[in-house]
Colleague: 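Quick one: this structure, given as structure tokens, is what I'll be asking you about.
For the numbers below, each heavy atom of this structure counts, side chains included, while hydrogens, waters and symmetry mates do not. Order of the sequence lines sets the chain letters (A, B, ...), proteins ahead of strands, with each chain counted from 1. Remember, predicted model here, so these are calculated numbers, not experimental data.
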Protein chains: 2
Amino acid sequence: MTEQDVERGPEPTEPVPAPYGAATDLLTVPFAGAPIFTRARALRPTGKVLPEHARSHNRALVLQTLYTAGAQSRADVARETGLTRVTISDLVADLIAEGLVIELGQREHARPGKPAILIDVDRAAFHIIGVDLSEHQRFLGAVIDLDGDIVSRAEVDRAGATGEHAIDLVIELVRTLLGSTTTPVLGIGVGSPGVVDPLGVVRSAPNIGWTDVALQARLADEFSLPVHVANDANVAVLAEHGASQLDDLLLVKIGHGVGAGLIIGGRPVIGSGFAAGEIGHVVVGTDGGPRCACGKHGCLEVWLAVPRLTARLDAIDPDSPDAASARDEILHEAGRRLGIVLAPVVGALNLAEVVLSGPAELLDGALHEATVDTLRNRTMAEHSRDLRLRMTAQAQDIVLRGAAVMVLSGQLGVA
Amino acid sequence: MTEQDVERGPEPTEPVPAPYGAATDLLTVPFAGAPIFTRARALRPTGKVLPEHARSHNRALVLQTLYTAGAQSRADVARETGLTRVTISDLVADLIAEGLVIELGQREHARPGKPAILIDVDRAAFHIIGVDLSEHQRFLGAVIDLDGDIVSRAEVDRAGATGEHAIDLVIELVRTLLGSTTTPVLGIGVGSPGVVDPLGVVRSAPNIGWTDVALQARLADEFSLPVHVANDANVAVLAEHGASQLDDLLLVKIGHGVGAGLIIGGRPVIGSGFAAGEIGHVVVGTDGGPRCACGKHGCLEVWLAVPRLTARLDAIDPDSPDAASARDEILHEAGRRLGIVLAPVVGALNLAEVVLSGPAELLDGALHEATVDTLRNRTMAEHSRDLRLRMTAQAQDIVLRGAAVMVLSGQLGVA
DNA sequence: TCATGTTTGTTAGTAAAGCTTACGAACAAA
DNA sequence: TTTGTTCGTAAGCTTTACTAACAAACATGA
């Protein structure tokens, strides 16, 4: 592999690994009389496994170890992974040759024995382009480093652009971002509203007027870089997962619409029609509710979407003596509705953690409290006792950083 | 491996692979510039992969191919798996030596070329013991062959037995079943009510008065055979999954209580507290409802559990002119309530198939219809358009057969 | 009838991957 | 200075699946 390959990624003619696709798992299965892993669980084996597959798995394991634990010696990595020092040296030599790992010199702290040479992922070697198309008025983008920190930002005003015009805006945004860094770019990650399939085709995004837009292919053609596209909420939950390390996680993203991203057993949930997490138009409760744009009454979005909420809050007379309690009442009701919809999901999946993403001034207060109370009151106490509902720690940048995680994960097997 | 090992499984001192545990996935991850699988999706690599792990995966792949496609030649298996004829011959030789595969002689149908020697899983080589503890009055058991057909049955009257006494009944039942077959037994699968952890410890099963009962260990000690224990609904969905081949599936099991089993992306969902599928005590709707044993009002179980339903139906005056419509009304309301709880789950997971298991005379009619209607009316039409809600094809034996699938999957990697 | 082509399964040898064993280098502690 | 420890590497082995080649056994067509 030439250095050019590393920097620019695969040629556009080569298939780029599709994000959010079905896992191609190489599963070790115990067999009669000779279980290999104590906690292994057998599934239908999916395809053959060749030695080089094992190699690239172990390669990613080394990278992951360095990425999360930071600079350490080859011997440290060997101990942590269970592979031998010899194998680690071999893998690390490859990684160094590819420019992904660098030697940092000898370890300071003096211990008996030969001093260790510290190695680490070369965190300055690559940047990632993250794009967030979920806002209504503008498209956001950022250059993100391998640690997930944002290096620089850019945005374009959407100005109601739809269809092909909106695609041009995305391309323009990415071009600006690419121009703002001289560091090689590992890939481009995009969080889009709507239903996105594993090949990065936006099947349907009414807000942007997209139907079957092959965004992944378009961007890959344009920039000759690896491109990963997925639904914005599904991308957002990746950022949260990267931070929380929890393997069962539901993130509810409240903005112009309401969507969710799910990780179960450490894996993103895609859904049979690639529409997992689309809970905005699930009807809440058995007492009707305001009419929704979709035609039904009492959808989650009519209770919870930010435009609806702010409209209702703005209708309060600010000079009224009970303006504060009226505000609380509105937020409380919204939270209660969210809890009603989430209760069956939390119960069925036995979730331990639910994360809210959206404007904190709306969500982090009466709404949050009402959701927790409702959830606890409507599910089994003993199972939801340790249920946590919290605001995301990622604030505004959750989709951008999730997009970076998606690229990291897709290109390096690291998150 | 001696033949004894194959017949009797691992010694009890050896750890038996835990059923329903976290998947130990050997994942091939694409890396920068060199994607290996077009549709691969990277996850956090879990552990090292050695050549022998690849071997056992491929071994299971061969077994799986033979198991599902039936008798065929080594060359056929090679074509189907993508492995070479040489490798298949090598793997098959192992499997034949272990007694799992047999040669059936030359293929009848004459084609040009050297006639093929048919091989197949030796479906008469092993039996499986399946146990169903989910009924209230009795424990059911069966001897099941490798095709999932029931060879013989046994049952014990529970007579209200709880705690240690109930464990003795299970042991007695299994002993009876083992005595009724002379074929080597691959393993024992148990579907228990309540919360069961991946090590086969029944954390809590109020009906049987079990708390932290190490059922897997007890049975493994007693019979020196591989034992797999899981929640009854989670076991039931395995039977359905084995039959349907669908990778996203929710099964609702309605009996003395109401529980669910979930398979997402081809994997059983366990839940962070091992309580996935426990939807019986999720509150339905926003209009209260009858008081439940758990203290809340309007839990799913009070609308749907068989004892509650029959009690309500029995209260109808059979001589009344509108007895039939009263009955329909009750079943319709139950179905509606089920739909209300399922809608958020179906929406969030974008499920394509939901299966009902329980007494067909109650479920398969007005109740079923009302559930479908409610689901469609409360979720997004375009996503639930191809949603199917159907009765299980497995009837009464769903837990027994699911238990067999669990053993097959755990011991051979076949389902 | 007999040569030709096809398919099967096996043998022989090769490449890749990670292992074990062994060793030199470099240091701390006694 | 000696001893023990730790690190990284070299050499050789084992496992695995691959490619190449071939004999056996059959169908087909001249």
Side-chain angles (χ1 to χ4, degrees), chain A residues 26 28-29 34 36 45 47-62 66 71-97 101-119, chain B residues 1 26 28-29 31 34 36 45 47-62 66 71-97 101-119:
Chain A
L26 313 182
T28 292
V29 177
I36 290 174
K48 62 176 175 177
V49 177
L50 303 184
E52 64 255 39
H53 301 151
R55 176 81 170 182
S56 67
H57 174 96
N58 289 335
R59 203 191 103 105
L61 181 61
V62 169
L66 287 174
Q72 56 198 299
S73 71
R74 292 169 172 83
D76 292 332
V77 176
R79 277 185 291 267
E80 187 148 342
T81 58
L83 293 160
T84 62
R85 290 202 306 272
V86 179
T87 302
I88 295 299
S89 281
D90 196 45
L91 287 165
V92 165
D94 281 5
L95 293 168
I96 288 176
V101 166
I102 47 170
E103 292 196 338
L104 299 173
Q106 287 193 2
R107 172 177 273 148
E108 289 289 313
H109 179 64
R111 292 187 294 185
K114 174 178 171 178
I117 305 164
L118 292 178
I119 54 172
Chain B
M1 179 159 53
L26 311 182
T28 293
V29 177
F31 47 90
I36 291 173
K48 62 176 176 176
V49 177
L50 303 184
E52 64 255 40
H53 300 153
R55 175 82 170 182
S56 67
H57 175 97
N58 289 336
R59 202 190 103 106
L61 181 61
V62 169
L66 287 174
Q72 57 198 297
S73 71
R74 290 169 173 84
D76 293 332
V77 176
R79 276 186 291 267
E80 187 148 340
T81 59
L83 292 160
T84 62
R85 291 202 307 272
V86 181
T87 302
I88 295 299
S89 282
D90 196 45
L91 287 166
V92 166
D94 280 5
L95 293 168
I96 288 176
V101 166
I102 46 171
E103 291 196 335
L104 299 173
Q106 286 192 4
R107 172 179 274 148
E108 290 288 311
H109 179 64
R111 292 188 295 187
K114 175 178 170 179
I117 304 165
L118 293 177
I119 54 171

Colleague: Using atom types as modelled and distance alone, determine if a side-chain donor or acceptor of B/N58 lies under 3.5 Å from a backbone N or O of A/K48.
Modeller: no
Colleague: What is the nucleic acid contact for B/I88, judged by heavy atoms within less than 4.0 Å: base, sugar-phosphate only, or nothing?
Modeller: nothing
Colleague: Distance check needed: C/dG18 P versus B/H53 NE2, whole Å only.
Modeller: 12 Å
Colleague: Output all residues satisfying side chain to side chain contact (heavy atoms under 4.5 Å, CB included) with A/T87, sequence neighbours left out; order by chain, then residue number.
Modeller: A/L83, A/T84, A/L91
Colleague: Tell me, do B/V92 and B/V77 make a side-chain contact under 4.5 Å, heavy atoms counted?
Modeller: no
Colleague: Check this one for me: any side-chain N or O of B/T84 less than 4.0 Å away from OP1 or OP2 of D/dA17?
Modeller: no
Colleague: Whole Å only: how far is the NE2 atom of A/H57 from the P atom of C/dG18?
Modeller: 10 Å
Colleague: Donor-acceptor check, side chain of A/H57 to backbone of B/G47, threshold 3.5 angstrom: yes or no?
Modeller: yes
Colleague: Return the value, rounded to whole Å, for the distance between atom CD of A/Q106 and atom C1' of C/dA28.
Modeller: 14 Å
Colleague: By the salt bridge (charged side-chain N to carboxylate O under 4.0 Å, His left out) test, which pairs, at least two apart or in different chains, include something from residues 73-89 of chain B?
Modeller: B/R74-B/E103, B/D76-B/R79, B/D76-B/R107
Colleague: What does nucleotides 3-11 of chain C look like as a protein-contact string, B for base, S for sugar-phosphate only, - for none, at under 4.0 angstrom between heavy atoms?
Modeller: --BBBBBBB
Colleague: Just to confirm, is there a sub-4.0 Å distance from OP1 or OP2 of D/dT16 to any side-chain nitrogen or oxygen of B/N58?
Modeller: no
Colleague: Let me know the distance between CD of A/Q72 and C1' of D/dT6, rounded to the nearest Å.
Modeller: 16 Å
Colleague: How many angstroms lie between atom CG of B/L95 and atom CD1 of B/I119, to the nearest 0.5 angstrom?
Modeller: 8.0 Å
Colleague: Could you check how far CZ of A/R55 sits from C1' of C/dA15, rounded to whole Å?
Modeller: 13 Å
Colleague: Take atom NZ of B/K48 and atom C1' of C/dG18, then tell me their distance rounded to the nearest Å.
Modeller: 9 Å
